[in-house]
2 protein chains.
Amino acid sequence: MRDPLARYPGYSLRRAANAMSAELAARLAALDLRQADASALMVIAANPGMTASALARQLDIQRANMVPLLNRLEEADLIGRSPIDGKSRGLELTSAGREKCTAAQSVIDAFEADMIARIPEQHRAHLLPALDALWR
Amino acid sequence: MRDPLARYPGYSLRRAANAMSAELAARLAALDLRQADASALMVIAANPGMTASALARQLDIQRANMVPLLNRLEEADLIGRSPIDGKSRGLELTSAGREKCTAAQSVIDAFEADMIARIPEQHRAHLLPALDALWR
DNA sequence: CGCGGATTGCTATAGGCAACAACATTCTCT
DNA sequence: AGAGAATGTTGTTGCCTATAGCAATCCGCG
């Protein structure tokens, strides 16, 4: 079978991202978390009191799409929202949220380590800077 | 704003793939093609007569999800299907499909070139092998 | 001080993509 | 011939994202 797509870095990028995403999603499912949930928890943990809008900007998610995400996290008692002014509310982790977040950290750290281990050593150091150049 | 996600290659991989995917999708939209369509056209062009199942395996798409994709391509008169035996049908490009495919090739080649140009030169050669190690 | 524009949070709706289960038909191999 | 595999298809579900629009609130400039 001829594979005309093999030589395209863009195609490999998509395939690699899909494969890694699927694996991480599977690992996070054990914690009842989606990837977006875990990212949100970690960013909130590092920036307590931030607004939903700021979180959306940070994660490059549309404001509209934060709503179900945050509702889900609040529903699960992982985050709380307290009024900053009339319209904004600050986000913070509950204690359950902090526990869940450290658990997620462990899962993600293990995942990242496994992922990096799969890359031939001479290429490893180049991956992050190359990827960052594509979107930062 | 502290960004605890910055140090994770896996996160960068996801973000980079999303960014590149969005850009390619936008460029292909000018041809009325989705990414999956373009991939399918290129693989069929390189392997005329292949079956839908073989294409699904090649692209790592579930058999079931090939149906709407191929129907769309056939609807647009880009591919044809001719019976191989009682149950299998071989896929081939129509002449419009061949034109569309070469047009897609141009778009993708330009896209890949632009993408690679954004990567600092000392990292470029390492990207493809590193990515391939993650999914091949 | 007040007003206009920007920001915030939210609803509703849609599309792209992929996963899964199930099914009938047909092929292939022993 | 019969068992098991492959093929094409349907229907359903889930996740993620995008867009448009709305009401409430905030803020800076005149």
(request) Go through the structure and list residues passing salt bridge (charged side-chain N to carboxylate O under 4.0 Å, His left out) with B:D77, not counting sequence neighbours. (result) none
(request) Using a cut-off of strictly less than 4.0 Å, decide whether A:Q62 has a side-chain nitrogen or oxygen near OP1 or OP2 of D:dA18. (result) yes
(request) Not counting sequence neighbours, list each pair that qualifies as a side-chain hydrogen bond (donor to acceptor under 3.5 Å, both in side chains) and has a residue in residues 90-104 of chain A. (result) A:S82-A:E92
(request) Using whole Å, report how far CG of A:L28 lies from P of D:dC16. (result) 10 Å
(message) Within the structure provided, determine whether A:D37 and A:D32 are in side-chain contact (heavy-atom separation under 4.5 Å).
(response) no
(message) Around atom CD of B:Q122, are there more than 12 heavy atoms from other residues, nucleotides or ligands closer than 6.0 Å?
(response) yes
Set out, line by line, the N/O atom pairs under 3.5 Å between protein and nucleotides 28-30 of chain C.
none

(request) Applying salt bridge (charged side-chain N to carboxylate O under 4.0 Å, His left out), name anything that partners B:R124, two or more places apart in sequence or on another chain. (result) none
(message) Can you measure B:L33 atom CG to C:dG15 atom P for me and round it to whole angstrom units?
(response) 19 Å
Residues 127-136 of chain A, side-chain donor-acceptor partners within the protein, below 3.5 Å, at least two apart:
residue	atom	partner	partner atom	Å
A:D132	OD1	A:R136	NE	3.4
A:D132	OD1	B:S12	OG	2.4

(request) Go along nucleotides 8-15 of chain D 5' to 3' and tag each nucleotide: B for a protein heavy atom under 4.0 Å from its base, S when only backbone or sugar atoms are that close, - otherwise. (result) BBBB---S
(message) Please determine whether a side-chain nitrogen of the Lys or Arg among B:D109 and A:R7 lies less than 4.0 Å from a carboxylate oxygen of the Asp or Glu.
(response) yes
Could you give the side-chain donor-acceptor pairs of residues 60-67 of chain A under 3.5 Å, partners two or more places apart or in another chain?
residue	atom	partner	partner atom	Å
A:D60	OD2	B:R15	NH2	2.5

(request) Find the distance A:M66:CE to D:dA18:P and express it as a whole number of Å. (result) 13 Å
(request) For the helix from C:dC1-D:dG30 to C:dT30-D:dA1, figure out the bend between the end axes, five pairs an end, and round to 10 degrees. (result) 30°
(message) My understanding is that only residues two or more places apart in sequence, or in another chain, count here; which of them pass salt bridge (charged side-chain N to carboxylate O under 4.0 Å, His left out) with B:R27?
(response) B:E23, B:D114
(message) Whole angstroms only, please: what is the CD1-P distance between B:I61 and C:dA19?
(response) 9 Å
(request) Kindly write out the residues that satisfy salt bridge (charged side-chain N to carboxylate O under 4.0 Å, His left out) with A:R81, not counting sequence neighbours, or none if the list is empty. (result) A:E74
(message) Counting only heavy atoms and a strict 4.0 angstrom limit, can you tell me which residues of residues 3-24 of chain A come near DNA chain C?
(response) none
(message) Could you work out, with side chain to side chain contact (heavy atoms under 4.5 Å, CB included) as the rule, every residue matching B:H126, not counting sequence neighbours?
(response) A:H123, A:H126
(message) I need the B:M20 CE to B:F111 CZ distance, nearest 0.5 Å.
(response) 5.5 Å
(request) Using modelled atom types only, decide if a donor and an acceptor are shared between the side chain of A:Q35 and the backbone of A:S21 within a distance under 3.5 Å. (result) yes
